[in-house]
Amino acid sequence: MECRVLSIQSHVVRGYVGNKSASFPLQVSAVHPRLATAGAARYTRDNRARAGAGGREGHMVLGFEVDSINSVQFSNHTGYSHWKGQVLTADELHVLYEGIKLNNVNHYDYVLTGYTRDTSFLEMVVDIVQELKRANPNLVYVCDPVLGDHGSMYVPQNLHPVYKNKVVPVADIITPNQFEAELLTGKNISTEKDAVEVMDLLHKMGPDTVVITSSDLPPRLGDRFLVSFGSKRILMPDGTRTTQRIRIEVPKVDAVFVGTGDLFAAMLLAWTHHYPTDLKTACEKTFSVMHHVIRRTISYAHEMAGPGRRPSPAQLELRMVQSKADIEDPTIVMEATVI
């Protein structure tokens with residue numbers, strides 16, 4: 001059965017960020033023969049079973065169909081010395097969506113969004129998501145609430161209340177970092193217990209799945225790792241509710257990458273689709289994809305830069321096509337702990 005994603009993100013001509021970082025991985029995210037049975041059921045927002053990506057052993061399920069709306073079109077990401085391009089306005093977003101709607105092809109299983117700097121654009125996204133959910137109550141909205149990191153915002157301050165009061169309440173899956181999770185809930189994270197409480201607060205705001213992609217908490221495996229957390233609320237077939245919570249430690253890499261957050265949100269969409277009631281496996285697959293892509297990228301970048309030289313932004317563009325096999329079926333290289 002076809003599964004279609006509307007991805008509203010930035011676009012670059014050269015490199016991988018926004019839709020360029022999300023579309024290809026989603027399109028090749030097939031269920032392999034040994035995974036076909038595991039993905040046999042999906043759950044709606046309240047986690048009741050519905051039709052999904054299942055199949056008999058050996059049945060191959062194609063990747064996601066991705067319809068992309070480019071919130072910006074730039075020559076390259078802004079980590080380069082120069083960039084040129086255009087920014088889509090809220091009115092232009094509305095015109096594009098109206099064109100889709102007039103042709104009666106505005107039927108989606110997922111909406112995926114990432115970085116934006118404009119409140120009216122973000123509010124228009126919320127309007128579109130709400131309309132699509134009215135047409136398909138089973139639609140899942142995956143949102144990376146990009147606000148900032150390490151104690152400082154890198155979007156305008158007026159986006160904060162829009163995310164908190166309008167975006168997060170209609171989202172089903174969110175992927176904040178620690179700073180963003182704290183900003184959205186007003187609660188600091190100093191311990192693992194704090195992280196669990198913050199995720200519970202975010203659940204109460206709307207999303208059933210929350211993954212805190214990185215935190216400043218001390219890792220058990222040493223200072224070469226980052227600590228991440230995940231939480232998923234599930235309504236079981238018998239009507240009871242349960243919450244799955246995990247902790248996972250991720251190796252640090254001494255480099256600045258662009259587009260990794262967009263790739264992460266796309267892969268979490270894919271793996272929660274294939275493992276709708278198994279947050280642990282979905283996160284292990286997602287973080288393992290990230291590990292493989294980043295390792296391949298940093299190895300290539302150092303090779304291109306040469307001994308003792310720091311890689312350039314161009315050399316640090318994600319090696320996405322070269323990582324196709326790892327995106328499709330990643331070898332698990334880090335294990336999540338149930339908490």
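For clarity, every value in this text was computed on a predicted model and none was experimentally measured.
By the 4.5 Å heavy-atom criterion applied to side chains, F24 and K324 are counted as neighbours. T240 places none of its side-chain heavy atoms less than 4.5 Å from the side chain of L235. Between V162 and F121, every side-chain heavy-atom pair lies at or beyond the 4.5 Å cut-off. Residues L88 and L96 are in side-chain contact: their nearest non-hydrogen atoms beyond the backbone lie under 4.5 Å apart. Annotation: side chain of N70 is in contact with side chain of N19 (closest heavy-atom distance under 4.5 Å). Counting heavy atoms from C-beta outward, V167 and Y141 have side chains that approach closer than 4.5 Å. Between S288 and M334 there is a side-chain heavy-atom pair separated by less than 4.5 Å. Counting heavy atoms from C-beta on, the side chains of L6 and L132 come closer than 4.5 Å.
Rounding to the nearest 0.5 angstrom, the gap separating the OG atom in S152 from the CG atom in L147 is 11.5 Å. Expressed to the nearest 0.5 Å, how far CD1 of I174 lies from CE of M199 amounts to 10.5 Å. Atom CG of L26 is separated from atom OG of S7 by 7.0 Å, given to the nearest 0.5 angstrom. Distance check, rounded to the nearest 0.5 Å: NE2 of H11 to CD of Q73 gives 5.0 Å. Note that the CD1 atom of I246 and the CG atom of D278 stand 10.5 Å from one another [nearest 0.5 Å]. Taking CH2 of W271 as the start and CD of E284 as the end, the distance is 12.0 Å to the nearest 0.5 Å.
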- Task: Would you sort out whether K164 and M205 count as a side-chain contact (heavy atoms from CB on, under 4.5 Å), showing the intermediate values?
- Result: CA-CA 8 Å; K164 183 175 181 178; M205 293 170 67; 3.9 Å; yes

- Message: For Y154 and V146: C-alpha separation, side-chain torsions, deciding distance, then whether side-chain contact (heavy atoms from CB on, under 4.5 Å) applies.
- Response: CA-CA 8 Å; Y154 41 67; V146 181; 3.6 Å; yes

- Task: Verify side-chain contact (heavy atoms from CB on, under 4.5 Å) between L202 and L184, making sure each step is shown before the conclusion.
- Result: CA-CA 8 Å; L202 289 167; L184 290 168; 4.0 Å; yes

- Evaluate the side-chain contact (heavy atoms from CB on, under 4.5 Å) criterion for residues H150 and Q178: first the C-alpha distance (whole Å), next the side-chain angles of each, then the deciding distance (0.1 Å), finally the verdict. CA-CA 8 Å; H150 301 299; Q178 176 177 330; over 6 Å; no

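A continuous path of Ile, Leu, Val, Met, Phe, Trp and Tyr side chains, each step under 4.5 Å between heavy atoms, connects L139 with I8, placing both in one hydrophobic cluster. A single hydrophobic cluster is not seen to contain both V17 and V321; linkage of ILVMFWY side chains at heavy-atom distances under 4.5 Å, directly or through other members, places them apart. No continuous path of ILVMFWY side-chain contacts below 4.5 Å connects F74 to M320, so the two sit in separate hydrophobic clusters. One hydrophobic cluster, built from ILVMFWY side chains closer than 4.5 Å, cannot hold both L122 and V87; they sit in different ones. Under the 4.5 Å side-chain heavy-atom criterion for Ile, Leu, Val, Met, Phe, Trp and Tyr, V210 and I339 are members of the same hydrophobic cluster.
K285 contributes no side-chain N or O that, together with a main-chain N or O of Y275, makes up a donor-acceptor pair within less than 3.5 Å. A donor-acceptor pair is defined here as one N or O able to donate and one able to accept, closer than 3.5 Å; no such pair exists between the side chain of K187 and the backbone of D194. Proximity of a side-chain donor or acceptor of E317 to a complementary backbone N or O of Y16 within less than 3.5 Å is detected. Formation of a donor-acceptor pair under 3.5 Å by the N103 side chain with backbone atoms of G99 is found in this model. Checking side-chain atoms of E180 against main-chain N and O of N177 turns up a donor-acceptor pair under 3.5 Å. Side-chain N or O atoms of H94 include none that pairs as donor or acceptor with a backbone N or O of M124 at under 3.5 Å. Between the side chain of D109 and the backbone N or O of V140, no donor-acceptor pair lies under 3.5 Å.
A 6.0 Å sphere centred on CZ of R224 holds no more than 12 heavy atoms belonging to other residues, nucleotides or ligands. Heavy-atom contacts from other residues, nucleotides or ligands closer than 6.0 Å to NZ of K166 number 12 or fewer.
Between R295 and D326, no side-chain nitrogen of the basic residue sits less than 4.0 Å from a carboxylate oxygen of the acidic one, so the salt-bridge criterion is not met. A salt bridge is defined here as a Lys NZ or Arg NE, NH1 or NH2 lying under 4.0 Å from an Asp or Glu carboxylate O, and D200 with R245 meets this definition.
For the pair C3 and Y110, the tightest heavy-atom approach, listed with the atom from each and the gap, is SG-CE1, 3.7 Å. Residues N106 and K101 share a closest heavy-atom pair of ND2-CG, 3.5 Å. Shortest non-hydrogen contact noted between L226 and S215 is CD2-O, 4.0 Å. Shown here for Q315 and Y300, the closest heavy-atom pair between the two residues is O-CD2, 3.8 Å. Contact detail for E92 and T89: the closest heavy-atom pair is OE1-N, 2.9 Å. Counting all heavy atoms, side chain and backbone alike, T213 lies closest to T175 at CG2-O, 3.8 Å.
Side-chain contact annotation: S71 with T116, donor-acceptor N/O pair under 3.5 Å absent. Donor-acceptor pairing under 3.5 Å is recorded for the side chains of H203 and S231. Between the side chains of D67 and Y108, a donor-acceptor pair is found at a separation under 3.5 Å. For the 3.5 Å distance criterion, the side chains of N188 and S190 fail to qualify, holding no donor opposite an acceptor.
Among T191, I212, I189, the one residue that satisfies the side chain to side chain contact (heavy atoms under 4.5 Å, CB included) test with L217 is I189. Results of the side chain to side chain contact (heavy atoms under 4.5 Å, CB included) test with L269 over V5, I173, D172 single out V5 as the only residue that passes.
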Would you list the atom pairs, donor with acceptor, under 3.5 Å between side chains in residues 248-267 and any protein atom, with sequence neighbours excluded?
| residue | atom | partner | partner atom | Å |
| --- | --- | --- | --- | --- |
| E249 | OE1 | R220 | N | 3.2 |
| E249 | OE1 | L221 | N | 2.9 |
| E249 | OE2 | R220 | N | 2.7 |
| E249 | OE2 | R247 | NE | 3.4 |
| E249 | OE2 | R247 | NH2 | 2.9 |
| K252 | NZ | D223 | O | 3.2 |
| D262 | OD2 | G18 | N | 2.7 |

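Relative orientation of the H273 and F64 rings is perpendicular, given thresholds of 30° and 60° on the angle between their planes.
Between Y80 and H77, the distance separating the two ring centers is shorter than 6.0 angstrom.
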